[in-house]
Amino acid sequence: MYIIKGDLIFSKDRDSLNCIKDGYIGVENGYIEFVDNQIPSEYKNISILDYSNKLIIPGFCDLHTHAPQFENIGLGMDKQLLPWLNNHTFPTEARYSDVDYAYKRYEYVVEKLIQSGTTRACIFGTIHKQSCQVLINLMQQKGIRGYVGKVNMDINSPEYLIEDSNASIQDTLDFYNSNKDNEDVKPIITPRFAPSCKEDTLAKLGEIVKEFNIPVQTHMDENLNEIKWVEELFPNYTTYADVYEKNNLLSNRTVMAHCIYLKDSELEVLNQRGVYIAHCPHSNANLASGIMPAKPYLEKGLKIGFGSDVSGGNEIGILKSMVLSLQLSKIRHHFYPDESTLSVNEAFYMATKSGGEFFGKVGTFENNYEFDALVIDDNDLTINNDLSLEQRLSRFVFAGDDRNIIKRYCFGKEVG
Ligand SMILES: [Zn+2]
């Protein structure tokens with residue numbers, strides 16, 4: 001067991017922030033034993049990691065990113081979703097049939113995630129199960145936790161990146177079976193998006209989800225042309241969400257990326273099923289997809305975390321997603337004055353506790369939660385030293401970056 005000391009900031013709910021100046025967290029076997037402004041008497045002899053005057057916040061949770069696209073960051077940013085996929089994303093992903101190629105790239109990906117303060121991530125690989133295995137192994141070795149998905153694509157995809165339908169299902173099962181007992185990095189069912197899967201394949205994936213109780217990640221309602229395409233491809237379904245719903249792919253273990261243009265009935269079904277939305281502000285801005293109404297969604301009870309969505313998104317770190325989500329929410333308010341705007345506390349909640357919930361008891365400093373944390377040295381951000389902890393957090397969010405993160409912990413262990 002150890003005790004960590006510092007200026008603690010964490011969310012318990014979306015409205016308020018919990019701040020403890022010179023607070024202590026007791027950590028045993030990865031779990032939080034106590035959080036207090038003094039050390040309880042029974043723990044007086046335990047060793048202390050002293051980060052006095054540093055901020056300690058929960059690690060960031062990235063609900064949506066694509067490991068093979070890290071090498072494309074900043075490229076193709078003059079295109080919208082569908083041409084961008086065809087010109088940039090798919091040719092790159094095809095290279096991951098080569099496991100050695102994947103190893104070099106994925107080593108970089110995991111290092112970058114750690115550097116940016118992400119301790120939990122929900123990640124798309126490619127259609128290639130061996131390369132996805134490399135990614136799982138690297139995350140485990142380097143000490144961050146989360147989910148990796150072998151992508152399913154068996155229709156409407158380029159011939160160099162398309163699977164035989166039976167092989168797609170079999171590889172998904174193989175990948176699941178090889179990793180089902182892994183407690184650190186787990187497999188997740190990953191149809192790329194409805195257009196890239198045959199209806200029968202979606203149905204079979206839904207059966208696998210039901211049988212083995214596996215989580216799901218995919219995309220929805222990102223771009224208006226994409227939505228129109230889904231309507232054409234799936235005329236027997238009422239909405240985009242209905243395609244996933246009828247095929248058993250929506251539950252409280254599903255992450256749905258984007259959801260910018262939810263119809264009322266879609267919002268209702270996501271709420272009913274308890275689906276997590278990955279809000280990906282950088283990607284949405286870069287690909288001119290639109291601005292997700294984050295605040296109205298929160299007010300309607302939807303569960304939202306952030307996704308970096310590299311490389312639609314150009315920022316790996318969730319810190320920058322927080323900032324852009326706040327800025328975009330204000331721009332939306334300009335066009336829709338009836339909508340209120342996100343607060344810094346809400347963005348912090350989404351980046352930590354709300355997104356963290358998808359991974360279990362993760363994302364906050366409460367008893368029995370898994371201890372994920374970042375130690376922040378904000379000395380160089382503070383000319384005046386009489387700021388409250390809440391103000392110091394806000395300054396770090398808007399003016400800080402990776403360089404202020406001096407230690408990272410995932411499930412009680414230091415990483416990086
Ligand atoms: Zn994506």
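Quick caveat: nothing in here was measured; it's all calculated off a predicted structure. Values below: every heavy atom of this structure, side chains too, minus hydrogens, waters and symmetry copies. As the structure lists them, so they are numbered: ligands from 1, and atoms in each ligand from 1.
- The side-chain tip of R145 points at the ring of F411 from less than 6.0 angstrom away and within 45° of straight on.
- Proximity of Q69 to T89: side-chain heavy atoms (C-beta onward) are separated by under 4.5 Å at one or more points.
- The aromatic rings of H219 and F124 sit tilted, their planes meeting at an angle between 30° and 60°.
- Listed by chain and number, the protein N, O or S atoms at a distance under 2.8 Å from the Zn ion (ligand 1) are H64 NE2, H66 NE2, H219 NE2, D309 OD1.
- Among H279, H282, H64, the single residue meeting the ring pair (Phe, Tyr, Trp, His ring centres under 6.0 Å) criterion with H258 is H64.
- Judged purely by distance below 3.5 Å, without hydrogens or angles, the side chains of Q133 and N179 pair a donor atom with an acceptor atom.
- Remark: T201 engages D154 in a side chain to side chain donor-acceptor pair (under 3.5 Å) (not counting sequence neighbours).
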